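Keep in mind the model is a prediction, meaning the values are calculated, not measured.
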Amino acid sequence: MSHPCGGGGGGGGGTILWPGEAGGLSSRLHGAKRRRWSRWSRPPPSTRLTSSPPTTSTAATPFPRSRGGVVKPRIASMEEMAMFHTDAYLEHLQKISEDGDDDDPESVEYGLGYDCPATEGVFDYAAAVAGATLTAAQCLMDKKYQVAINWPGGWHHAKKDEASGFCYLNDAVLGILKLRKKFDRVLYIDMDLHHGDGVEDAFSFTSKVMTVSFHKYSPGFFPGTGDVTDIGMGKGRYYTVNVPLQDGIQDNRYYHICESVLKEVYTSFNPEAVVCQLGADTIAGDPMCSFNLTPVGVGKCLRYILNWELPTLILGGGGYNHANTARCWTYLTAIILGKTISSEIPDHEYFTEYGPDYVLEITQSCRTDQNDPQRVEQLLNTIRGNLKNVI
């Protein structure tokens with residue numbers, strides 16, 4: 001298997017989707033956002049909109065019975081995007097995208113500007129990302145693959161009529177709605193540093209989708225939501241699970257929390273399909289300077305999920321250290337492939353970004369873990385108590 005950090009050859013057993021040739025647009029978006037350090041404490045989405053994917057040509061799955069490969073995604077149609085987003089928002093986003101008008105006075109009410117600039121071409125890029133997630137979902141529905149990956153996806157902050165947190169469309173919500181056409185119960189797991197507020201809001205009133213978010217929760221930290229007491233409403237009460245964490249958490253404690261919560265979630269909800277958002281802004285060395293994880297710790301959590309052997313849609317998310325995000329998603333891709341890859345970063349165009357060690361592994365920092373063990377157990381007990389109410 002070729003090393004995804006450097007591009008590579010073919011594999012077998014799954015699918016990876018990359019939304020087309022958007023390099024020029026990606027560079028413009030990246031440049032625009034460097035000039036707009038966002039609301040509160042969320043930095044520019046350098047990896048989410050980078051012009052070079054961590055892997056574009058290798059795909060597989062831990063289930064060797066199926067052959068896999070790279071699937072060319074399609075662009076999401078206006079009708080498909082309107083499954084969640086309002087017509088008024090989509091039409092405005094398309095309009096300002098064509099004009100490249102970042103000063104339209106109506107844009108403010110749609111969350112455009114500031115951390116979601118109205119850059120020329122952004123509508124087409126967002127439609128490509130959403131289309132890739134929808135294509136991945138369709139692959140799962142058709143039973144072509146058991147795991148499908150769209151690393152550029154995971155835009156979990158966007159609301160139905162508003163852009164937010166660098167997210168112009170909510171491809172995660174669109175993917176879940178697509179899967180719901182075949183699977184009665186869909187589980188959404190969000191392991192980004194930031195709370196998956198847009199996905200939670202979309203499904204907070206239903207018992208057919210359970211959302212589980214592991215995230216940093218601290219005063220002034222974007223988006224400011226996701227307390228353990230937020231458990232859904234109406235028929236969706238207790239089908240929202242929030243796991244608020246503090247700075248410095250390391251692999252072992254994170255996995256303990258993840259395993260403890262997901263064990264109870266799986267037993268109580270009995271999902272038929274899974275959507276997993278794996279933002280890499282939790283990794284040590286990220287400019288957010290919050291969590292202190294490595295890809296190995298995140299990978300243990302992913303293995304736990306994959307062991308359910310359910311149709312699983314994997315999405316990316318945040319990640320603001322380019323090299324470490326590529327390292328993380330490369331490592332996680334290898335887990336899905338069931339492959340062991342070389343520690344050495346292969347020579348390629350961006351090789352110098354991986355210095356000074358030029359290896360796949362990431363070392364944890366010296367940050368203190370502020371997650372008190374007693375508080376963690378209280379948190380887990382609260383979640384277990386809430387999940388007992390799931391019918």
Student: Step through the shown structure and confirm whether more than 12 heavy atoms of other residues, nucleotides or ligands are within 6.0 Å of CG on Asn252.
Tutor: no
Student: Do any N or O atoms from the side chain of Asn389 and from the backbone of Asn386 form a donor-acceptor pair under 3.5 angstrom?
Tutor: yes
Student: Do Tyr354 and His348 make the cut of ring centroids closer than 6.0 angstrom?
Tutor: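 Between Tyr354 and His348, the centre distance is under 6.0 Å.
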Student: Can you name the residues that form a side-chain hydrogen bond (donor to acceptor under 3.5 Å, both in side chains) with Glu353, not counting sequence neighbours?
Tutor: none
Student: Return the set of residues passing side-chain hydrogen bond (donor to acceptor under 3.5 Å, both in side chains) with Gln370 (not counting sequence neighbours), or none when no residue passes.
Tutor: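 So Gln370 forms no side-chain hydrogen bond (donor to acceptor under 3.5 Å, both in side chains) with any residue.
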Student: With distance as the sole criterion, is a donor-acceptor pair present between the side chains of His195 and Asp197 under 3.5 Å?
Tutor: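 Judged by distance alone, the side chains do not pair up.
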Student: Can you hop from Ile231 to Ile391 via hydrophobic side chains spaced under 4.5 Å?
Tutor: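 Looking at the clustering, Ile391 is in the same group as Ile231.
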Student: Please check if the side chain of Arg384 supplies one atom and the backbone of Glu264 the other of a donor-acceptor pair under 3.5 Å.
Tutor: no
Student: Do Ser343 and Glu361 pair up side chain to side chain, a donor and an acceptor below 3.5 Å, judged on atom types alone?
Tutor: yes
Student: When you measure from the side chain of Asp161 to the backbone N and O of Thr86, does any donor-acceptor pair fall under 3.5 Å?
Tutor: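 Not a single qualifying donor-acceptor pair exists.
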Student: Could you work out, with side chain to side chain contact (heavy atoms under 4.5 Å, CB included) as the rule, every residue matching Ser365, not counting sequence neighbours?
Tutor: Asn292, Arg367
Student: How far does CE of Met141 sit from CG of Leu134, to the nearest 0.5 angstrom?
Tutor: 10.0 Å
Student: Start with the C-alpha gap between Arg74 and Glu80, add the side-chain angles, then the distance that decides, and say whether salt bridge (charged side-chain N to carboxylate O under 4.0 Å, His left out) holds.
Tutor: CA-CA 12 Å; Arg74 55 181 178 74; Glu80 288 173 320; 2.7 Å; yes
Student: Look at the side chain of Trp151 and the backbone N and O of Leu278, then say whether any donor-acceptor pair between them is shorter than 3.5 Å.
Tutor: no
Student: Mark yes or no for whether Asn324, through its side chain, and Ala284, through its backbone, hold a donor-acceptor pair below 3.5 Å.
Tutor: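 Indeed, once roles are kept as given, a pair shorter than 3.5 Å links the two residues.
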Student: Once rounded to the nearest 0.5 Å, what's the spacing between atom OH of Tyr331 and atom CD1 of Ile283?
Tutor: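 Answer rounded to 0.5 Å: 10.5 Å.
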Student: Do the ring planes of Tyr125 and Trp155 sit parallel (below 30°), tilted (30 to 60°) or perpendicular (above 60°)?
Tutor: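 If you compare the ring of Tyr125 with that of Trp155, the planes turn out parallel.
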Student: Taking NZ, NE, NH1 and NH2 as the nitrogens, is one of them in Asp286 or Lys216 under 4.0 Å from a carboxylate oxygen of the other?
Tutor: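 Between Lys216 and Asp286 there is no salt bridge, as every charged N stays at least 4.0 Å from the carboxylate O atoms.
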Student: Is the side chain of Asn371 donor-acceptor paired with the backbone N or O of Gln246 at a distance under 3.5 Å, no angle test?
Tutor: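 Checking the backbone N and O of Gln246 against the side chain of Asn371, a donor-acceptor pair under 3.5 Å is found.
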Student: Within the distance-only criterion (no hydrogens, no angle test), does the side chain of Thr119 pair as donor or acceptor with the backbone N or O of Val122 below 3.5 angstrom?
Tutor: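 Side chain of Thr119 to backbone of Val122, a donor-acceptor pair under 3.5 Å: no, none is there.
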Student: Group every Ile, Leu, Val, Met, Phe, Trp and Tyr by side-chain heavy-atom contacts under 4.5 Å, then state whether Phe214 and Tyr238 land in the same group.
Tutor: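 Per the 4.5 Å side-chain linkage, Phe214 and Tyr238 are co-clustered.
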Student: Under 3.5 Å, side chain of Gln277 to main-chain N/O of Gly279, donor-acceptor pair present?
Tutor: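 The answer is yes, because a donor-acceptor pair under 3.5 Å joins these two groups.
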Student: Taking the six-membered ring for Trp, are Tyr266 and Trp308 parallel (under 30°), tilted (30 to 60°) or perpendicular (over 60°)?
Tutor: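 Correct class here is parallel.
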